[in-house]
Number of protein chains: 2
Amino acid sequence: MARTKDENTEEQILEAAKNVFQTKGMDGARMQEIADNAGINKAMLHYYYRNKQLLFEAVFKSAFSLLAPQLNKILNDDSSIEDKIRNFTTNYISFIMKHPYLPNFIIQELNRNPDFIITIQKNNTLLNIEKFKAQVDLEVSQGNLKPTKGDQLFINILSLNIFPFVAKPLIKAFTKEDDKGFERLIEQRKTEVSEFIINSIKQH
Amino acid sequence: MARTKDENTEEQILEAAKNVFQTKGMDGARMQEIADNAGINKAMLHYYYRNKQLLFEAVFKSAFSLLAPQLNKILNDDSSIEDKIRNFTTNYISFIMKHPYLPNFIIQELNRNPDFIITIQKNNTLLNIEKFKAQVDLEVSQGNLKPTKGDQLFINILSLNIFPFVAKPLIKAFTKEDDKGFERLIEQRKTEVSEFIINSIKQH
DNA sequence: ATCTTTGTTAACCAAATGGTTAAACTATAC
DNA sequence: GTATAGTTTAACCATTTGGTTAACAAAGAT
C-alpha cells in the first residue's frame with residue numbers, strides 16, 4: 001500500500017467535501033474545488049467515492065448523524081418537560097454556534113430531495129417523537145402544563161432554536177447588527193428562548 | 001413590433017423563471033428548462049434579461065417584494081401588539097400556503113449571497129423594525145407585557161411562522177404525516193401560534 | 001411598397017464539468 | 001530482488017451549459 005504523508009486521504013476528502021458542500025450545496029459544489037480543498041488529484045474523489053452523488057450522500061449522512069443526537073436529547077430523557085426545554089435550548093444553540101452551516105445545509109438539501117429523509121428514517125428511525133408526546137400529555141393531565149399538543153410544541157421548540165441560524169442574513173439586516181452583534185443576539189437566546197417557551201405553556 | 005399570440009413574452013419568461021428558480025435554486029436551475037417551461041426559444045431569455053444572473057435577480061426581487069409587505073404589516077400599523085400578532089399569524093400563514101416555495105427560496109438564496117440583502121436594504125429599506133420596537137417598549141412600561149425585547153420578540157414571531165414551511169420535509173418525517181396531515185398541522189397553527197406567543201409575553 | 005425597428009428562431013460556440021483511463025509510484029508479501 | 005496489490009497523477013473525453021450569431025418574420029412608419 002502507498003501511504004505517504006497524511007495516512008488518510010479518504011478522511012481529508014470527506015472533510016474538504018463537507019466544507020464545500022455545506023457552503024455551496026450539492027448543485028453549487030464543484031468536484032475540482034473539493035479536490036483542491038483536500039490538496040489532492042480530482043481522480044481520487046472518484047477512486048474513493050465513485051461519483052459526486054455518493055460523495056454528497058456521505059457528507060449528508062455524516063452531517064445528519066451529527067445533528068440527530070442533539071434532537072433526540074430532548075425527545076428521550078427522563079427530566080421534566082421544563083428542564084428538557086432549558087437544557088435543549090442552551091445545548092443546541094452552543095452546538096450550532098460551532099457548526100454554523102449545518103442547519104441550513106440539511107434543510108436546503110432535504111428540500112431539494114425530500115425522498116432522502118425517507119431513506120434515513122427507514123434505516124435508523126432517527127427521530128422518534130412518541131415518548132415526548134406522551135410526556136406532554138401526562139404533564140398536561142397533571143396540571144403542570146396548559147393544554148398543549150406535543151407535535152406543535154416540538155415544532156415550536158425547533159422553530160425558535162433553529163430558525164435564527166437559517167435566517168441569519170435576514171435577521172442581520174433588520175436588526176442592523178454585524179456578525180458580532182448577531183452573535184450577541186444568539187447568545188441571549190440561550191436563556192430567553194427557554195423562558196419564552198416555558199412562560200407560554202406552564203400552568204399558573 | 002412582432003407580437004404574435006400571447007402579447008407578453010417577457011412576463012411568460014418571468015413566470016417560468018420563477019417556477020424553476022424557486023424550486024431548484026440559482027445553481028440548480030437550467031436556462032433551457034426555463035425556456036421550455038415558458039414555451040419559447042432559449043435565446044429569448046437573453047434577449048429580455050441579458051443573462052442568468054439578471055434573470056435570477058428579477059425573480060428574486062419580485063419574490064422579495066411579494067413577501068416584504070407581509071412583514072411590514074406587523075411592523076407598521078397602529079393596533080396593539082396582541083392584535084398585530086394575531087393578524088400577522090393568520091394572514092402570513094394563509095399567504096405562504098398559496099406560495100409554498102417562497103420562504104425557502106428567499107432564505108436559501110440569501111445565504112448563498114448575503115450581499116444581496118444589503119443592496120435591497122439600501123434601495124428601499126424594506127424592513128424597518130423601529131416602530132415595532134418602540135411599541136413593545138411602551139406596552140412593557142405600561143404593564144401590558146412582561147419585560148420583552150422587541151428584537152427578540154420579532155425573531156420569535158418570524159421563527160414560529162416561517163420555520164415550519166422551510167423545514168417541511170423534516171416535520172413531515174417526525175410527525176409521520178403526509179401532505180394532507182402536514183397541511184392540517186399548519187392550519188392549526190394559524191391560531192395556535194398567536195396564542196402561544198401571547199401567552200408567553202402577556203402580563204397577568 | 002419598402003424601410004426600419006422589434007421580436008423570434010435554429011444553429012453554433014467556448015468553457016466548464018463530471019467522470020475515465022492508462023501509466024507511474026509506493027509499500028508490503030514472497 | 002521481484003511480484004503484487006493498493007494508491008496517485010496527468011491527460012483525456014463526452015456532455016452539459018450559458019451565451020452568441022445571423023438570418024428571418026412581423027408590425028408600424030414613411
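Naming: A, B, ... by sequence-line order, numbering from 1 per chain. Everything quoted here is computed from the prediction, not taken from an experiment.
Ring centers of Phe105(A) and Phe60(A): under 6.0 Å apart, within the cut-off. Aromatic ring centres of Phe56(B) and Tyr49(B) lie farther apart than the 6.0 Å criterion allows. Between Phe116(B) and Phe64(B), the distance separating the two ring centers is not shorter than 6.0 angstrom.
Of the possible donor and acceptor atoms, none in the side chain of Asn72(A) sits under 3.5 Å from a partner among the backbone N and O of Leu75(A). Between the Glu109(A) side chain and the Met26(A) main chain, a donor and an acceptor come within less than 3.5 Å of each other.
Nucleotide dT16(D) holds its P atom 13 Å from the NZ atom of Lys42(B), rounded to whole Å. Remark: P of dG19(C) and CD1 of Ile13(A) are 14 Å apart, rounded to the nearest angstrom. Atom CZ in Arg30(A) sits about 5 Å away from atom P in dT17(C), given to the nearest Å. If you measure from atom CG of Asp36(B) to atom C1' of dA10(C), you get 14 Å, rounded to the nearest angstrom. Per the geometry, CD1 belonging to Ile34(B) stands 8 Å off P belonging to dG18(D), to the nearest Å. Atom P of nucleotide dG19(C) and atom CG of Asn51(A) are separated by 5 Å, given to the nearest angstrom. As rounded to whole Å, 12 Å separates atom P of dT17(D) from atom CG of Asp27(B). Note: NE2 (His46(A)) to P (dG18(C)) measures 8 Å, nearest angstrom.
Taking side-chain N and O atoms only, Tyr47(B) has no distance below 4.0 Å to OP1 or OP2 of dT20(D). Proximity of Thr9(B) to the phosphate of dT8(C): a side-chain N or O atom is located under 4.0 Å from OP1 or OP2.
Met31(A) comes within 4.0 angstrom of sugar-phosphate atoms only, judged by non-hydrogen atoms across all strands, and of no base. Within 4.0 Å of Ala35(A), counting heavy atoms only, lies no atom of the nucleic acid at all.
For dG19(C), the base has no donor-acceptor partner in the side chain of Lys52(A) [N/O atoms by modelled type, under 3.5 angstrom].
Judged by closest nucleotide on DNA chain C, Met26(A) is the one of Met26(A) and Ala43(A) placed further toward the 5' end.
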